[in-house]
Amino acid sequence: MVKIDIDTEKCIGCGACINSCPQKLYKLNDGKAKLTGDIEKCTLCRICEKGCPTGSITITE
């Protein structure tokens, strides 16, 4: 099972995850990245994790 953690302390709300995720799993809420709730659609491409400038996203399997 895929687990995606977003460290809201580090997140600056830049939207890099939103723009990079091919599955559209992210949105901004109160200036912070949030998951849309469709985590089962994650294909483990890790583009969001690699592209996050603050290292706020961690994906584990």
Side-chain angles (χ1 to χ4, degrees):
M1 181 177 170
V2 175
K3 183 176 180 190
I4 302 173
D5 288 313
I6 303 170
D7 185 338
T8 56
E9 297 284 321
K10 291 182 181 179
C11 179
I12 58 172
C14 68
C17 54
I18 296 167
N19 295 327
S20 66
C21 180
Q23 301 303 320
K24 307 295 182 210
L25 298 180
Y26 299 92
K27 63 181 177 180
L28 286 182
N29 188 2
D30 293 328
K32 302 288 182 175
K34 302 286 181 191
L35 290 167
T36 62
D38 298 331
I39 193 169
E40 61 275 354
K41 292 182 182 178
C42 179
T43 60
L44 294 172
C45 69
R46 299 186 186 274
I47 295 171
C48 61
E49 185 178 45
K50 293 174 188 171
C52 180
T54 60
S56 300
I57 299 172
T58 305
I59 299 175
T60 54
E61 298 177 56

Which pairs of donor and acceptor atoms, one on a side chain in residues 41-50, lie under 3.5 Å apart (sequence neighbours left out)?
| unit_1 | atom_1 | unit_2 | atom_2 | d |
| --- | --- | --- | --- | --- |
| R46 | NH1 | E49 | OE1 | 3.1 |
| R46 | NH1 | I59 | O | 2.9 |
| R46 | NH2 | E61 | OE2 | 3.3 |
| E49 | OE2 | I59 | N | 2.9 |

For residues 7-21, the side chain to side chain donor-acceptor pair (under 3.5 Å) pairs (sequence neighbours left out) are none
CG of L28 to SG of C14, rounded to nearest 0.5 Å, is 8.0 Å
For residues 22-36, the side chain to side chain donor-acceptor pair (under 3.5 Å) pairs (sequence neighbours left out) are none
In this structure, OG of S56 is separated from CD1 of I12 (nearest 0.5 Å) by 7.5 Å
Minimal heavy-atom distance between I4 and L25, with the atoms involved, is CD1-CD1, 4.4 Å
